[in-house]
Number of protein chains: 2
Amino acid sequence: MKKTERLETAIRQKQIKQAVLEIIAQEGLHNLSTRNLAKKVGLTEGAIFRHFPTKRDIIKGIMEDVENELVAGLKEIANGSLSPEEKLFNFLCYHVQYLKANRGITILLFSEATHLGDKELIGRLRRIFSDQKGLIAKIIKEGISENIWEKNINPSDVATLYMGIPITFNIEYILNKKGINMKNFCRRMYELVINVLKN
Amino acid sequence: MKKTERLETAIRQKQIKQAVLEIIAQEGLHNLSTRNLAKKVGLTEGAIFRHFPTKRDIIKGIMEDVENELVAGLKEIANGSLSPEEKLFNFLCYHVQYLKANRGITILLFSEATHLGDKELIGRLRRIFSDQKGLIAKIIKEGISENIWEKNINPSDVATLYMGIPITFNIEYILNKKGINMKNFCRRMYELVINVLKN
DNA sequence: TAATTATGTAATCACTTACTTACAAAGTTA
DNA sequence: TAACTTTGTAAGTAAGTGATTACATAATTA
């Protein structure tokens, strides 16, 4: 009966978080129960709760991944030594690519954080959001101080405008997979943002 | 014991949909149960189900309101006789204002539609989304054909960029009420979009 | 090898969910 | 006034939720 391999917690945690994203992408948020999650991983519910104290902690773990993978990657680009234009382009492409590889993550974060009504999760989400905006604003300020872009432009406003791009991309991608024109998406959006900055 | 006034279904339906939006704005999505909804309206659960066959139908009703109020209003602006610039400005301001008055509606729609995993609701959402994009693209095409805006710009891409504005606004507004700089928000975003179009 | 620890199962918990049923009474109509 | 329709209540339902328990066994350590 007992054929299930025994793996250590760190590995199971990765599998569980992976399964969460797969369920959302393939079956929808409404199927994200611990029961279905256990089935997907190939374990029982008890085993799931052996590796995570609560379901909430699984979502929290995914948020931490986003901070460690996405946000850290974006930070590296923003703090690099390339030109502001190159930074902006790489930033946007990296951003979109990450969301493409982890489709549904935007909806998971916003939906679950608000669904669970959890102050800490919402705070984390807020931080991820404002970190990204801050990095974009920083790149833009850099470009302005290097006289590449217009002085009379508000970096924070452009950052707000920017933030809509990956969010919209992700929402459209999960909502309407065929409708969105993926080809060169990040280059096309980059050109538009550059238009704003060059005035 | 029976002090509850008896009101006709049409009125109760309005009250119930109103209560849904209030609960989301004040208590969060996680408190949107039929139990809590009934309490908010001042009725029993049984009464709620007298006026709506299912909870899903309440969400569907709110979606219909969005189509009849928001989308119809935007359509009127787009099809009006003002200049493309004026249309674009009014469009954006009307859009933002509606979401401000009905805050949380973006999260409700995306979250519940995906949470319920309901094909019809997701289809409706998709339609609301693409209708708005289509109207924006139309205004932009108009401006281009009137030689107000650059020819070598893709109206559909700008529409995608545009769509991020109200979505981001709504998400930020519910996530971080104090953080968002509301003052002249739509005018500031309008200026940025105009920069894109004038190249 | 013996004791201990880590990882699994099966059954079940208390609770919440959307929804239903049987009944009461207000409002309308014949 | 009598019959009927509409709108309400109170008390349920079955199904699903996240989480726990008692127990088994594989892997590691003393």
Side-chain angles (χ1 to χ4, degrees), chain A residues 1-20 23-24 27-62 108 111-118 120-121, chain B residues 1-20 23-24 27-63 108 111-121:
Chain A
M1 265 300 114
K2 308 271 174 67
K3 297 180 183 179
T4 313
E5 205 183 348
R6 293 168 78 113
L7 297 171
E8 60 184 51
T9 286
I11 293 173
R12 288 297 190 205
Q13 285 179 336
K14 280 204 172 188
Q15 292 179 339
I16 291 165
K17 289 184 289 184
Q18 176 65 27
V20 166
I23 287 173
I24 292 164
E27 307 169 40
L29 251 175
H30 61 295
N31 280 312
L32 190 61
S33 62
T34 51
R35 203 141 301 178
N36 190 41
L37 183 54
K39 189 179 142 206
K40 185 96 181 178
V41 180
L43 293 173
T44 60
E45 279 189 272
I48 298 291
F49 285 100
R50 180 125 271 155
H51 301 298
F52 283 105
T54 66
K55 187 188 176 186
R56 175 187 167 282
D57 283 281
I58 304 176
I59 309 296
K60 200 170 125 187
I62 293 176
L108 166 73
S111 180
E112 281 309 276
T114 52
H115 226 94
L116 299 172
D118 189 300
E120 192 200 337
L121 292 192
Chain B
M1 268 297 119
K2 307 272 175 68
K3 296 180 183 177
T4 312
E5 203 183 351
R6 294 168 77 113
L7 297 171
E8 59 185 52
T9 286
I11 293 172
R12 288 296 188 205
Q13 285 179 334
K14 280 204 171 186
Q15 292 179 339
I16 291 165
K17 288 184 290 185
Q18 177 64 27
V20 166
I23 287 173
I24 292 164
E27 308 169 40
L29 251 176
H30 61 295
N31 280 312
L32 190 62
S33 63
T34 51
R35 191 109 70 215
N36 190 40
L37 183 54
K39 190 180 143 207
K40 186 95 180 178
V41 180
L43 293 172
T44 59
E45 280 188 271
I48 298 290
F49 285 99
R50 178 126 273 153
H51 302 297
F52 282 105
T54 66
K55 186 186 175 187
R56 176 187 166 283
D57 283 281
I58 304 176
I59 310 296
K60 199 171 127 186
I62 293 176
M63 280 193 169
L108 165 72
S111 180
E112 282 308 276
T114 52
H115 223 95
L116 299 173
D118 190 301
K119 295 273 181 198
E120 191 199 337
L121 292 193

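Naming: A, B, ... by sequence-line order, numbering from 1 per chain.
Within a 6.0 Å radius of NZ in A:K17, more than 12 heavy atoms belonging to other residues, nucleotides or ligands are found.
Heavy-atom distances under 4.0 Å link DNA chain C to A:R6, A:L7, A:E8, A:T9, A:R12 of residues 6-20 of chain A, given in residue order.
When rounded to the nearest whole Å, the span between CG of A:L29 and P of D:dT17 equals 13 Å. When the P atom of D:dA19 is taken as reference, atom CD1 of A:I58 falls 8 Å away, rounded to whole Å. Going from atom NZ of A:K55 over to atom P of C:dT16 covers 16 Å, rounded to whole Å. At whole-Å resolution of the value, CG in A:L43 and P in C:dA10 are 11 Å apart. Protein atom CD of B:E45 is 15 Å distant from nucleotide atom P of D:dT13, rounded to whole Å. Rounded to a whole Å, the CZ atom of B:F49 is 15 Å from the P atom of D:dG8. Here the P atom of nucleotide C:dT7 and the CZ atom of A:F52 are 13 Å apart, to the nearest Å.
Smallest separation of non-hydrogen atoms from B:L7 and B:H51: O-CE1, 4.4 Å. In terms of heavy atoms, A:N31 sits closest to A:N36 at O-ND2, 2.9 Å.
Nearer the 5' end of DNA chain D, as judged by each residue's closest nucleotide, is the contact made by A:H30, out of A:R50 and A:H30. Mapping A:G42 and A:R35 onto DNA chain C via the closest heavy atom, the residue that lands nearer the 5' end is A:G42.
Applying the 4.0 Å criterion to OP1 and OP2 of D:dT9, one finds that B:T4 has a side-chain N or O inside that range. Distances shorter than 4.0 Å separate none of the side-chain N or O atoms of B:T54 from OP1 or OP2 on C:dA18. Here A:H51 does not reach the OP1 or OP2 of C:dA6: none of its side-chain N or O atoms lies under 4.0 Å away. Dashed line: the shortest gap from a side-chain N or O of B:T34 to OP1 or OP2 of C:dA18 is under 4.0 Å.
Proximity of a side-chain donor or acceptor of B:D57 to a complementary backbone N or O of B:F52 within less than 3.5 Å is not detected. No donor-acceptor pair closer than 3.5 Å links the side chain of B:E45 to the backbone N or O of B:A38. B:T114 contributes a side-chain N or O that, together with a main-chain N or O of B:S111, makes up a donor-acceptor pair within less than 3.5 Å.
Within the 4.5 Å cutoff, side-chain heavy atoms of A:E112 are placed close to those of A:K55.
Here A:S33 lies in heavy-atom contact (under 4.0 Å) with sugar-phosphate atoms only. Residue B:L37 is out of contact with every strand shown, counting any heavy-atom pair closer than 4.0 Å.
Between the side chain of A:R56 and the base of D:dG18, no donor-acceptor pair under 3.5 Å is found.
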